[in-house]
Structures are given as structure tokens and as C-alpha cells.
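Down below is the structure, laid out as C-alpha cells.
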Protein chains: 2
Amino acid sequence: MAEHDHTVQDSRTRLLEAAEVLMRERGYAAVTSRKVAARAGLKPQLVHYYFRTMDDLFVAVYRRWASGLMDRQAALLDAEKPLHEMWTLAKEARGVLLSEFVALANHRKAVQQEFIEFGDRYRRTQVEIVKTIFDRKGLGGFPWTPAFVAALLNSMAGGMALESGIGISEGHADTQAVIEQLLEQFDA
Amino acid sequence: MAEHDHTVQDSRTRLLEAAEVLMRERGYAAVTSRKVAARAGLKPQLVHYYFRTMDDLFVAVYRRWASGLMDRQAALLDAEKPLHEMWTLAKEARGVLLSEFVALANHRKAVQQEFIEFGDRYRRTQVEIVKTIFDRKGLGGFPWTPAFVAALLNSMAGGMALESGIGISEGHADTQAVIEQLLEQFDA
DNA sequence: GTCTATACTTCGATAGAC
DNA sequence: GTCTATCGAAGTATAGAC
């Protein structure tokens with residue numbers, strides 16, 4: 001049993017999770033100190049106690065999410081089919097939450113800074129992973145560069161996820177097939 | 001000279017433009033009746049007079065933007081290099097404003113409905129255009145389908161535009177080169 | 001760390017005169 | 001079509017007791 005109640009998590013974590021859920025379900029504009037606290041079963045003032053401003057809260061939510069993504073990416077090289085996993089991860093990463101962070105980053109300096117920093121680091125790591133696969137499989141003579149392959153996977157996954165989310169599916173089956181075929185060359 | 005002052009545009013148009021500018025510069029959360037009116041040099045009540053709710057305003061702004069996009073796409077077939085133009089258009093379409101509409105569409109039913117309807121129509125038209133190019137150039141034996149080519153152009157343009165906006169450029173030069181090479185086969 | 005209380009701002013939307 | 005006036009709700013953030 002925990003000390004006071006709250007069973008498993010401390011208040012800070014509860015607030016972070018509540019904020020993320022709200023962002024996903026109702027958009028960043030719905031992330032207010034009152035709503036976050038209500039969803040966490042706490043008082044609104046605690047939001048300011050733990051994060052001071054709402055910007056600080058957004059940054060904390062973003063870091064938490066980005067950190068999980070980075071961990072999953074780091075585990076890619078140990079998978080049986082690393083690039084297939086990378087493709088899957090890219091599709092999963094591009095959900096509603098990322099859309100919200102993109103919009104947020106467009107207008108909030110603090111979020112934008114985190115966003116740029118992480119995005120850059122993430123992409124570099126990703127290219128390194130593709131390079132490693134290239135070397136492993138001896139694909140030095142492959143016409144496409146690792147940087148392009150990484151960009152291709154991310155962009156196509158992003159495009160498909162975006163469109164799927166709003167109900168467009170034209171060309172997706174074709175895309176999935178072409179990508180699969182490409183990935184086979186690496187992961188076979 | 002116009003009737004009262006307002007020189008060129010009527011109030012409705014002024015409000016629409018003000019809302020779009022605000023959305024681009026400060027995000028959809030900054031689009032309030034008061035701020036929109038202030039930027040348009042009008043009273044906040046006029047926003048409700050012309051659009052009743054803020055949702056109606058968002059839908060109107062979206063329609064206006066989408067309509068312009070559709071017009072540009074329709075003119076593509078008459079261009080000297082249609083697919084190059086399609087690539088350029090796709091990149092331009094993916095700016096801050098679209099990010100905001102995506103986020104909005106995730107959580108506002110009225111916007112979502114417009115978004116889906118237009119997106120689907122836009123994509124269908126686009127695929128038709130690519131098909132027409134295929135036929136013109138006699139590329140019936142080309143390994144990729146028109147649907148995939150359309151999805152590829154949109155996704156890659158979207159990915160690059162998104163990343164450029166936040167300062168990531170790794171792999172972009174490669175991507176641009178590969179796409180150019182592909183487009184040459186159609187537009188040559 | 002959590003509470004009560006509160007100051008101050010801004011929001012969407014409407015009623016009714018002109 | 002535009003104005004004045006206004007309601008009630010919701011927002012961020014802080015001060016100070018416990």
C-alpha cells in the first residue's frame with residue numbers, strides 16, 4: 001500500500017498522464033490546469049506547484065513521450081527484422097499526440113526547442129541504425145543512401161498514419177506493398 | 001471606392017483573413033472572437049453575427065483554404081511539368097496552417113467532417129491526374145501505380161516540410177534528388 | 001505537499017437599440 | 001449590419017495556512 005492513497009503513482013506522474021490523455025482525446029487547447037487536475041483527481045493548484053506554468057507541463061509531457069520513443073528505437077538493432085520494426089515504430093509514432101505537439105511547437109518556443117532538439121537526435125540515431133544494417137547485409141552498392149531510407153520510412157509512415165486517421169486509404173495498400181518489398185531486401 | 005470604408009473587402013472576408021493569419025501565427029487556440037475581430041478592425045460580436053459559433057468560423061476558414069488548393073491542383077494538367085508542379089504544390093500545402101487544421105480536425109467534429117470530405121476528393125483528383133500523365137507518356141508498364149505515386153509525393157513532401165519547419169534537414173537533399181529523378185521520367 | 005481563498009483576465013454567446 | 005451592454009463560465013497564477 002502506498003503512503004497516503006494514490007495507490008501507485010505520485011501526483012506529478014498522475015498529472016503528466018492526465019495531461020497526455022487530455023491532449024490525445026481533446027487536443028492541446030483542452031489541457032488546462034483545471035481539467036488536468038480534475039482528470040488526475042487532484043487540485044488545480046498542484047499543477048502549478050509541480051510545473052509552475054502550463055508551458056513547463058507541456059514540455060514535461062513531451063519529454064516523457066519522446067523518451068519512450070527513443071528507448072524503443074534503441075532496441076531496434078536487436079530485433080530479428082530491424083527495418084520492419086522501424087517502419088512499424090514510425091507508423092505508431094505518428095498519431096494524434098504527435099499532431100498536437102507539432103501544432104504546439106509551431107507557436108510555443110519552449111516546446112519548439114525540445115521538439116527540434118529531440119527530432120534531430122532521433123533522426124541521427126535512426127540513420128546510424130540504417131547504416132549499421134547496410135553494413136551487416138553488405139548493401140554498400142545499394143542505390144539509396146541510409147539518410148534517404150530513413151526519410152522515406154518516416155515520411156511514408158507519417159503520411160499513411162495521417163491519412164488513415166482521417167479516413168483516406170487510397171494508395172495505402174500499394175504503399176504498404178512497395179515498402180514491404182523494400183524492407184525485405186534489408187531484413188531478409 | 002467602397003460604400004462605407006473598408007476599402008476593398010466586406011467584413012466577412014476581413015474576419016476570415018484575420019482568423020487565418022492568427023491561426024498561422026499563433027495557433028488555433030489563439031483564434032478567439034475577440035482577437036479575430038481586433039485583427040480585422042471590427043467588433044467581436046460581428047464574428048458571431050457572420051459565423052455564429054467559432055466552429056463555423058473554423059470550417060469557413062478551412063473551406064476557403066482548401067478551395068484555393070483545389071484550384072491550383074486543377075491547373076496542374078496544363079503545366080509543362082505537371083508532376084514537378086504537383087511536388088511543389090504538395091510541399092507548399094504542408095505548412096503551419098495544415099498542422100493546425102489537422103490538430104483541429106482531431107477534436108472538432110465539424111472540422112473533421114470537412115477535412116475528410118475534402119481530403120478524399122483531393123486525393124482522388126490527384127490520382128486521376130497522375131493516371132492521365134501515365135497515359136500521355138505511355139508509361140503503362142511502369143512498376144508503380146498512380147495511387148502509390150500520389151501517396152509518395154504527398155507523404156515525402158509532407159515529411160520534408162514538417163521537418164524543415166522544425167530545423168531537421170538530414171536526408172532532405174537525398175530525397176529531393178531521388179524524387180526529381182523519378183519526376184523526370186514523367187515530365188521529360 | 002496539499003489545502004483554501006482569491007485576484008485578475010479572457011472566453012463564447014446573446015439581447016436589444018439603432 | 002453594426003453598436004452597447006452584459007451574463008456566466010473558465011482560464012492562469014499566486015499567497016498563505018497547515
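Order of the sequence lines sets the chain letters (A, B, ...), proteins ahead of strands, with each chain counted from 1.
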Listed pairs under 3.5 Å, donor-acceptor, residues 173-188 of chain A side chains, sequence neighbours left out:
from	atom 1	to	atom 2	distance (Å)
A/Asp174	OD2	B/Thr145	OG1	2.4
A/Thr175	OG1	A/Gly171	O	2.7
A/Gln176	OE1	A/Lys91	NZ	3.1
A/Gln176	NE2	A/Glu180	OE2	2.9
A/Glu180	OE1	A/His84	NE2	3.2
A/Glu184	OE2	A/Lys81	NZ	3.4
A/Glu184	OE2	A/His84	NE2	3.4
A/Asp187	OD1	A/Leu83	N	3.2
A/Asp187	OD2	A/Leu83	N	3.0
A/Asp187	OD2	A/His84	N	2.7
A/Asp187	OD2	A/His84	ND1	2.6

In whole Å, what is the span from the OH atom of B/Tyr50 to the P atom of D/dG1? 5 Å

Among all residues two or more places apart in sequence or in another chain, which pass the side-chain contact (heavy atoms from CB on, under 4.5 Å) test with B/His107? A/Val96, A/Glu100

Separation of D/dG1 atom C1' from B/Phe51 atom CZ, nearest Å, is 14 Å

Table please: side-chain donor-acceptor pairs of residues 152-167 of chain B below 3.5 Å, with sequence neighbours left out.
from	atom 1	to	atom 2	distance (Å)
B/Asn154	OD1	B/Gln126	NE2	3.0
B/Asn154	ND2	B/Gln126	OE1	2.7
B/Ser155	OG	B/Ala151	O	3.0
B/Glu163	OE1	A/Arg123	NH1	3.4
B/Glu163	OE1	B/His172	NE2	2.7
B/Glu163	OE2	A/Arg123	NH2	2.4
B/Ser164	OG	B/Met160	O	2.8

By side-chain contact (heavy atoms from CB on, under 4.5 Å), B/Glu128 pairs with (sequence neighbours left out) B/Lys131

If one requires at least 3 consecutive Watson-Crick or G-U pairs with distances under 3.5 Å, the stems of DNA chain D turn out to be C:1-18 with D:1-18

Protein-to-nucleotide contact annotation, 5' to 3' order, nucleotides 11-18 of chain D [B base; S sugar-phosphate only; - none; under 4.0 Å, heavy atom]: BBBB----

The salt bridge (charged side-chain N to carboxylate O under 4.0 Å, His left out) partners of A/Asp55 (sequence neighbours excluded) come to A/Arg108

All side-chain contact (heavy atoms from CB on, under 4.5 Å) counterparts of B/Ala93, not counting sequence neighbours: B/Leu69

Tell me: CG of A/Asp10 to P of C/dT2, nearest whole Å? 9 Å

Hey, is the side chain of A/Ser11 poking within less than 4.0 Å of OP1 or OP2 on C/dT2, counting only N and O atoms? yes

Quick one: B/Lys43 NZ to D/dT6 P, roughly how many Å, whole number? 15 Å

Around atom CD of A/Gln113, are there more than 12 heavy atoms of other residues, nucleotides or ligands at under 6.0 Å? no

Do any pairs count as a salt bridge (charged side-chain N to carboxylate O under 4.0 Å, His left out) and have a residue in residues 58-71 of chain B, sequence neighbours left out, and if so which ones? B/Glu17-B/Arg64, B/Glu20-B/Arg64, B/Arg63-B/Glu114

